Amino acid sequence: MTKSFLPLLGTDPARKGIPGRIVNISSAGGKIAGPFTGAYSASKFGLEGFSESLRRELMLFGIDVIIIGPGTVVTPIWQKSDAGVSARFRDTPFTEALAKFERYAEEEGANGFPAEVIAEVVCRALTSSRPKVRYAVVPHRLKNWIIPQLIPMRTLDRLVARFMGIRRIK
């Protein structure tokens with residue numbers, strides 16, 4: 001899709017006007033991966049890397065690439081999740097942690113940002129004279145975004161494990 005639109009955004013030398021912008025929607029999970037979200041986070045980490053590389057490649061044409069990284073957004077996806085995952089893993093070391101994860105995801109899904117908040121940030125990214133490279137739109141920003149990026153990764157690992165009830169098997 002990106003390749004198809006590049007001539008319209010400014011790679012075509014015959015095009016007149018200011019170059020366009022590309023806005024990719026990633027996720028907070030593209031920078032900070034939680035337990036049980038490996039496949040999702042891998043796709044978002046990939047999108048982050050693609051966007052960063054593309055931004056540097058397209059500087060030649062003045063085309064900017066901006067990442068929007070939302071945290072939890074109130075959408076129907078939370079009602080469509082595979083409820084009962086913890087029941088399928090009953091009698092495994094993951095039972096307690098998965099049950100806690102399900103409760104956490106349900107609560108976060110009900111208390112995230114409305115989609116309109118993300119739309120406003122996309123609009124800002126498209127219209128700002130000097131847009132940021134990345135917009136992190138995260139509820140409870142200090143707790144869910146700033147602190148996790150400032151503390152050592154091993155410390156974050158231990159905190160997340162404690163919160164999720166992940167205990168080492170003896």
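Since the structure is predicted, the reported quantities are computational estimates derived from the model, not experimental observations.
Residue Tyr40 places its OH atom among more than 12 non-hydrogen atoms of other residues, nucleotides or ligands, all under 6.0 Å distant. Annotation for Ile18: atom CD1 does not count as buried by contact number, only 12 or fewer foreign heavy atoms lying within 6.0 Å.
In this structure, the side chains of Pro114 and Val117 come closer than 4.5 Å at one or more pairs of heavy atoms. Considering only heavy atoms from C-beta on, Leu54 comes within 4.5 Å of Ile22 through its side chain. By the 4.5 Å heavy-atom criterion applied to side chains, Arg124 and Pro131 are not counted as neighbours. Here the side chains of Ile68 and Asn24 are not in contact, with every heavy-atom distance at 4.5 Å or above. Between Ile66 and Arg21, the closest side-chain pair of non-hydrogen atoms falls below 4.5 Å.
Nearest heavy atoms, Val74 versus Ala110: CG2-O, 4.0 Å. Listed here is the closest heavy atom pair of Ala125 and Val23: CB-CG2, 4.3 Å. Between Tyr135 and Val121, the shortest heavy-atom contact is CB-CG1, 3.6 Å. Listed here is the closest heavy atom pair of Pro19 and Gly62: CB-O, 3.3 Å. Nearest heavy atom pair, residue Glu48 against residue Ser26, reads OE2-OG, 2.7 Å. Taking both residues in full, the closest heavy atoms of Ala97 and Ile166 are given as CB-CG1, 3.6 Å, listed atom of the first, atom of the second, then distance.
Grouping the Ile, Leu, Val, Met, Phe, Trp and Tyr side chains by contacts below 4.5 angstrom, directly or via other members, places Phe36 with Val160. Cluster annotation: Leu159 and Phe163 are assigned to the same hydrophobic cluster (Ile/Leu/Val/Met/Phe/Trp/Tyr, side-chain heavy-atom contacts under 4.5 Å, transitive). With hydrophobic clusters built from ILVMFWY side chains whose heavy atoms lie under 4.5 angstrom apart, Leu142 does not share a cluster with Phe113. Hydrophobic clustering (ILVMFWY, side-chain heavy atoms < 4.5 Å, transitive): Tyr104 and Val138 are in one cluster. Both Ile32 and Ile147 are assigned to one and the same hydrophobic cluster, defined by single-linkage of ILVMFWY side chains at heavy-atom distances under 4.5 Å.
Lys31 forms no cation-pi arrangement with Phe45, by the criterion of a distance under 6.0 Å to the ring centre and an angle within 45° of the ring axis.
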Query raised in the report: Could you go step by step and tell me if Leu6 and Thr2 meet the side-chain contact (heavy atoms from CB on, under 4.5 Å) rule?
Result: CA-CA 6 Å; Leu6 287 176; Thr2 302; 4.3 Å; yes
Requested in this report: Take Leu60 and Thr11, measure what side-chain contact (heavy atoms from CB on, under 4.5 Å) needs, and give me the verdict at the end.
Outcome: CA-CA 9 Å; Leu60 176 67; Thr11 61; over 6 Å; no
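Side chain of Arg141 to backbone of Ala136: a donor-acceptor contact under 3.5 angstrom is found. With hydrogens and angles disregarded, no donor-acceptor distance shorter than 3.5 Å links the side chain of Arg134 to the backbone of Ile67. The backbone N or O of Gly49 sits nowhere less than 3.5 Å from a side-chain atom of Ser53 that would complete a donor-acceptor pair.
With values rounded to the nearest 0.5 angstrom, Ser41 atom OG is found 12.0 Å from Leu47 atom CG. Interatomic distance, CD of Glu108 versus OG1 of Thr72, reported as 4.5 Å (0.5 Å rounding). Atom-to-atom distance recorded for Glu57:CD and Phe50:CZ is 8.0 Å, nearest 0.5 angstrom. Here Glu102 contributes atom CD and Glu107 contributes atom CD; the two are 14.0 Å apart, rounded to the nearest 0.5 Å. A distance of 8.0 Å separates CD1 of Ile118 from CD1 of Ile25, quoted to the nearest 0.5 Å. Taking CE of Met164 as the start and CZ of Arg103 as the end, the distance is 8.5 Å to the nearest 0.5 Å.
Here side chain to side chain donor-acceptor pair (under 3.5 Å) pairs that include residues 144-161, with residues two or more places apart or in two chains, are Thr155-Arg158.
Under the rule for a side-chain hydrogen bond (donor to acceptor under 3.5 Å, both in side chains), Glu120 has no partner lying at least two apart in sequence or in another chain.
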